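All values below were derived from every heavy atom in this structure, side-chain atoms included, with hydrogens, water molecules and symmetry-related copies excluded. We count ligands from 1, going down the list as the structure has it; atoms in each ligand are counted the same way. Computed from a prediction, not measured in an experiment: that's the story for all the values here.
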Amino acid sequence: MLSEAEIKSIRNHLEKAQNPLFFFDNDDDGLCAFLLFRRFIERGKGIAIKSFPDLNASYARKIHELKPDYIFILDKPIVSEGFLKEAQDLGLSVVWVDHHDVPFPNLEQFSDVHYFNSMRSEKPSSEPVTYWAYKIAGKKEDLWLALAGCIGDGYLPEFAEEAEKKYPELWRGVSSAFEGLYSTGIGKIARILSFALKDRTSNVVNMMKTMFKATPQDVLLDSKKNLILERFSQINLKYEKLVEKAKLSAGKGKLAYFQYGGDLSISAEIANELSYLFSDKIVVVAYLSGTKANLSLRGKNIKEITLKAIEGIENARGGGHKDATGAQMNVEDLPRFKENIERLIK
Ligand SMILES: [Mn+2]
């Protein structure tokens, strides 16, 4: 876990930054961490990172374009050296907050990059970055947003209990993050935000602007003016069809494997719901796009299984958390990968 000193240090950086640029992982945890910081200092811009697994050098373009005085990187395990060099050449401080179980990055040549990782602190723990952002910003009125980001990342924080009293119509006592995600109002907010990130860039920018000030009621209000919810309903129709198909293909064995194509890259969300429905199974969801496959995997010790299963497969990459990972490979290697998984979990 991050120490009090680390929390204070990040808060100091935020307070010093006059025009910060936040790069965040393209999911609930990344987005909500950014929003909590943005709502705390009321300045700065945010950009969702879509490159995997690293924040690659192409994003340095954004630094030139937006001319920030500070850079924050949230929920990203790897940042390319090229990106950090650009920031350093422009004299910018970089604050990098992560919670992935990765080796300490080599930052020797970068004197102004400040790295914080709850998995690499004195008492290692893997709370989402949103969790820490809530502790750092300390705004009690943003509890709902912090909770949405945490359960979207599969983590049920201790402050969920407070939400029961504060938002009785949006939250209740649940026994897991996923139960909260699929059966409460705050869970719906988490699902709405994660779908909103799938939208085209101009809509994502508008969504973020709305979220700088929004209340939970604003997000959930059923009205034609609520573009975030409108868009959610459209994507959700396609999503629910995919989940129905995925459920049918889950079968009796230990592995629930589902692959699909099309225009909706939503494998992480499908994998989450399958792992909620089939909690004793290993879940693999592959999204096929051209010759590439993007995979989301869930299950006990899935990190170990993922890393073993990609061994020897050329150009395959994978990583993430103990029980939730992502991977990328060529479509033609999927059958072999699936075989490897089956062998490993037998
Ligand atoms: Mn993330």
Could you walk me through whether E269 and K198 pass the salt bridge (Lys or Arg N to Asp or Glu O under 4.0 Å) test, one step at a time? CA-CA 11 Å; E269 288 77 2; K198 315 277 174 199; 3.4 Å; yes
With a cut-off of 3.5 Å and sequence neighbours excluded, list every side-chain donor-acceptor pair involving residues 139-148.
| from | atom 1 | to | atom 2 | distance (Å) |
| --- | --- | --- | --- | --- |
| K139 | NZ | R39 | O | 3.1 |
| D142 | OD1 | R39 | NE | 3.1 |
| D142 | OD1 | R39 | NH2 | 3.0 |
| D142 | OD2 | R39 | NE | 3.3 |
| W144 | NE1 | E141 | O | 3.3 |

Full working for side-chain hydrogen bond (donor to acceptor under 3.5 Å, both in side chains) between T215 and D218: CA-CA 5 Å; T215 64; D218 294 334; 3.2 Å; yes
Quick one: list whatever passes side-chain hydrogen bond (donor to acceptor under 3.5 Å, both in side chains) with D323, sequence neighbours left out. none
Using the test side-chain hydrogen bond (donor to acceptor under 3.5 Å, both in side chains), find all partners of R61 that sit at least two apart in sequence or belong to another chain. none
Mind checking whether F24 and F72 have ring centres under 6.0 Å apart? no
Quick one: name the protein N/O/S atoms under 2.8 Å from the Mn ion (ligand 1), chain by chain. D25 OD2, D27 OD2, D75 OD2
